[in-house]
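Beneath this line is the structure, given in structure tokens, with notes to follow.
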Amino acid sequence: MATTLRIKQPENFSFDACLQFLDRGFDECLYHVNGKDVKRLIRLQSGLAFITVSSKEHMLIVEIEKENISQEDKSEVYAYTLDWFDLNRDLNPFYQLLKQHNATQSFPQDYFGLRLMGIVDLYEALCWCVIGQQINLTFAHKIKTRLVHKYGDKLSRDGIEYYCFPEPQTLQNIQRQELVDMQFSKQKINYIINISRAFCQGELHKPELLKLTKEQQMTKLTAIKGIGPWTANYVLMKSLRDMTCIAYGDTGLSSSLHTHFKTDKKPDKKIIDAVFKPFASWESYLNFYLWRSLTD
DNA sequence: GGCCAGGACTCAA
DNA sequence: TTGAGTCATGGC
């Protein structure tokens, strides 16, 4: 059974720019970009759904394949797509700001219509951060793929296997040795189990976190071992959609700031804050665009 | 072969 | 509260 949603694209939106970001050279196991569309398996309240997102005449076309598609399913997929592509945001003020500064004036043209692509699943976002801590991204993708292939829900379609990120219930009681065999460090294993338990025990719950202030969210997240300032800022930006986050301590961000703003190779928080100050309320987007510039 | 990678923790002073 | 040590292994 299949159905199609049509979502009007906002101004300053480029599906191609978003797709290019999704397909920027890493082996990504949670979605497949194939020319002009992106396909993935997502988890709805009522079960798994396979979606294909493409673009046609200023509309996003979302095909849903699932058994017994209900109105609730459609609403969920609609909300998911809005969140994933950050469609409910007017980028005009951000682009105006970028144009006012020499270091960033070319961004609105270079990356026109690129949205801050989200990680809708907070649990996935946190685990992904732990995986990516302090190791290179190529290797990070490699071990994430091993984890997802072993514990994630799967669906085969046209000869390709699509996966959902595993659920906390699955990973909270995992045999540590199995992750060691996948080349996770003991630290990362502990962190992932900590985070999984926090979700299973209800300590972390995205809808509840969304009701809190940014400071409260940071406190709640960093109280869990394995979630430091970098990870907290990353998930606030990518999953909770706070637009004022800066990934302090991020090597890629440091490198990009060095390139565009001529800062030290490892700028401290004070220097970073000074650079970001003129972009107040758009810090997350500037951070994201600076990351994007690394893969040019 | 050595340095670094989308960090975070512990522990000493 | 600051700094050094530790984790761990692939990528280049």
Side-chain angles (χ1 to χ4, degrees), chain A residues 20-31 111 114 116-119 121-148 165 176-198 204 217-242 245-261 263-272 275-276 283-296:
Chain A
Q20 196 185 340
F21 171 80
L22 291 176
D23 197 24
R24 66 195 188 286
F26 294 109
D27 264 340
E28 177 54 60
C29 59
L30 294 173
Y31 52 77
Y111 311 124
L114 173 63
L116 205 172
M117 298 303 293
I119 301 177
D121 178 355
L122 175 65
Y123 173 67
E124 175 196 327
L126 284 165
C127 291
W128 174 229
C129 283
V130 168
I131 291 170
Q133 284 167 8
Q134 187 54 21
I135 59 175
N136 68 73
L137 271 180
T138 305
F139 183 52
H141 278 91
K142 201 173 275 182
I143 61 177
K144 178 174 89 164
T145 298
R146 291 177 186 149
L147 183 78
V148 168
F165 195 80
R176 288 163 196 269
Q177 186 58 41
E178 296 185 335
L179 290 193
V180 170
D181 293 343
M182 295 179 193
Q183 293 181 286
F184 283 71
S185 68
K186 286 168 192 160
Q187 270 185 344
K188 286 190 195 302
I189 297 170
N190 284 333
Y191 296 164
I192 286 173
I193 290 175
N194 280 342
I195 291 166
S196 304
R197 290 188 177 152
L204 284 184
Q217 292 171 342
M218 292 291 284
T219 304
K220 191 134 195 169
L221 287 168
T222 53
I224 294 165
K225 276 200 202 316
I227 303 179
W230 176 82
T231 297
N233 275 298
Y234 185 94
V235 301
L236 252 63
M237 178 189 305
K238 299 272 283 187
S239 196
L240 300 179
R241 293 308 196 174
D242 186 297
C245 294
I246 304 171
Y248 299 107
D250 184 273
T251 52
L253 178 62
S254 297
S255 159
S256 188
L257 286 171
H258 176 66
T259 301
H260 296 284
F261 291 91
T263 51
D264 295 343
K265 292 204 169 173
K266 289 196 174 178
D268 60 24
K269 182 173 183 299
K270 228 174 181 178
I271 294 175
I272 297 175
V275 170
F276 275 82
E283 291 91 337
S284 300
Y285 254 94
L286 177 58
N287 192 147
F288 183 71
Y289 271 46
L290 287 167
W291 274 332
R292 170 64 184 81
S293 77
L294 293 167
T295 50
D296 278 341

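Protein chains get the first letters and strands the later ones, always in sequence-line order, with residue 1 at the start of each.
Contact of A/Q133 with B/dA8 (side chain to base): no donor-acceptor pair of N or O atoms is detected under 3.5 Å. Contact of A/Q134 with B/dG6 (side chain to base): no donor-acceptor pair of N or O atoms is detected under 3.5 Å. For A/R24 against B/dG6, a side-chain N or O and a base N or O form a donor-acceptor pair under 3.5 Å.
Between A/L179 atom CG and C/dC7 atom C1' the separation is 16 Å, expressed in whole Å. Taking atom CG of A/D268 as the reference point, atom P of C/dG3 lies 11 Å away to the nearest angstrom. Rounded to an integer number of Å, the gap from A/F139 CZ to C/dG10 P is 5 Å. Between the CE atom of A/M182 and the P atom of C/dT9 there is a distance of 15 Å, given to the nearest Å. Note: CD1 (A/I143) to P (C/dG11) measures 11 Å, nearest angstrom. Atom CG of A/N233 is separated from atom C1' of B/dA8 by 14 Å (rounded to the nearest Å). Remark: C1' of C/dA8 and CD1 of A/I189 are 11 Å apart, rounded to the nearest angstrom. Rounded to an integer number of Å, the gap from NZ of A/K265 to P of B/dA5 is 11 Å.
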Report task. Please assess A/L126 against A/I224 for the test side chain to side chain contact (heavy atoms under 4.5 Å, CB included), listing each intermediate value before the final yes or no. Result -> CA-CA 11 Å; A/L126 284 165; A/I224 294 165; over 6 Å; no
Query - Worked check of side chain to side chain contact (heavy atoms under 4.5 Å, CB included) between A/M182 and A/L179 - result: CA-CA 5 Å; A/M182 295 179 193; A/L179 290 193; 3.8 Å; yes
**Report entry** Derivation and outcome, side chain to side chain contact (heavy atoms under 4.5 Å, CB included), residues A/D121 and A/W128
**Finding:** CA-CA 11 Å; A/D121 178 355; A/W128 174 229; over 6 Å; no
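When the nearest nucleotides of DNA chain B are assigned to A/G249 and A/K225 by heavy-atom distance, the more 5′-ward of the two goes with A/G249. Each of A/K266 and A/G228 was matched to the nucleotide of DNA chain B holding its nearest heavy atom; the match closer to the 5' end belongs to A/K266.
Of all nucleotides listed (C/dG10, C/dA8, B/dG7), B/dG7 comes nearest to the side chain of A/T251. Proximity note for A/I135 (side chain, C-beta onward) versus B/dA5, C/dT6, B/dG6: the nearest is B/dA5. Set against C/dT9, B/dG6, C/dA8, the side chain of A/W128 has B/dG6 as its closest nucleotide. Distance from the side chain of A/W230 is smallest to B/dA8 among B/dA8, C/dT9, B/dA5. For A/W291, whose side chain is taken as the heavy atoms from C-beta onward, the closest listed nucleotide among C/dT6, C/dG10, B/dG6 is B/dG6.
Across all strands shown, A/Q183 has heavy atoms under 4.0 Å from sugar-phosphate atoms exclusively, and none from any base. If you check every strand for non-hydrogen atoms under 4.0 Å, A/Y191 touches sugar and phosphate atoms only. Within 4.0 Å (heavy atoms only), A/G132 reaches sugar-phosphate atoms of the nucleic acid but no base atom. Across all strands, A/K188 comes closer than 4.0 Å to no nucleic acid atom at all (heavy-atom distances). Looking at heavy-atom distances under 4.0 Å, A/L253 makes no contact with the nucleic acid at all.
Taking atom P on both nucleotides, C/dG10 is separated from B/dC9 by 24 Å, rounded to a whole Å. Taking atom P in both C/dA8 and B/dG1, one finds a spacing of 23 Å when rounded to whole Å. Taking atom P in both C/dG3 and B/dG6, one finds a spacing of 24 Å when rounded to whole Å.
Within the 4.0 Å cut-off from OP1 or OP2 of C/dG11, at least one side-chain nitrogen or oxygen of A/K142 is found.
Side-chain polar atoms of A/S196 and A/Y123 form a donor-acceptor pair below 3.5 angstrom.
With sequence neighbours excluded, the residues that form a side chain to side chain contact (heavy atoms under 4.5 Å, CB included) with A/N233 are A/M218, A/C245, A/Y248.
Both the sub-6.0 Å distance and the 45° axial angle are satisfied by A/R24 relative to the ring of A/F21.
By the neighbour-count criterion of 12 heavy atoms within 6.0 Å, atom CG of A/D296 is densely surrounded, having more than that number from other residues, nucleotides or ligands.
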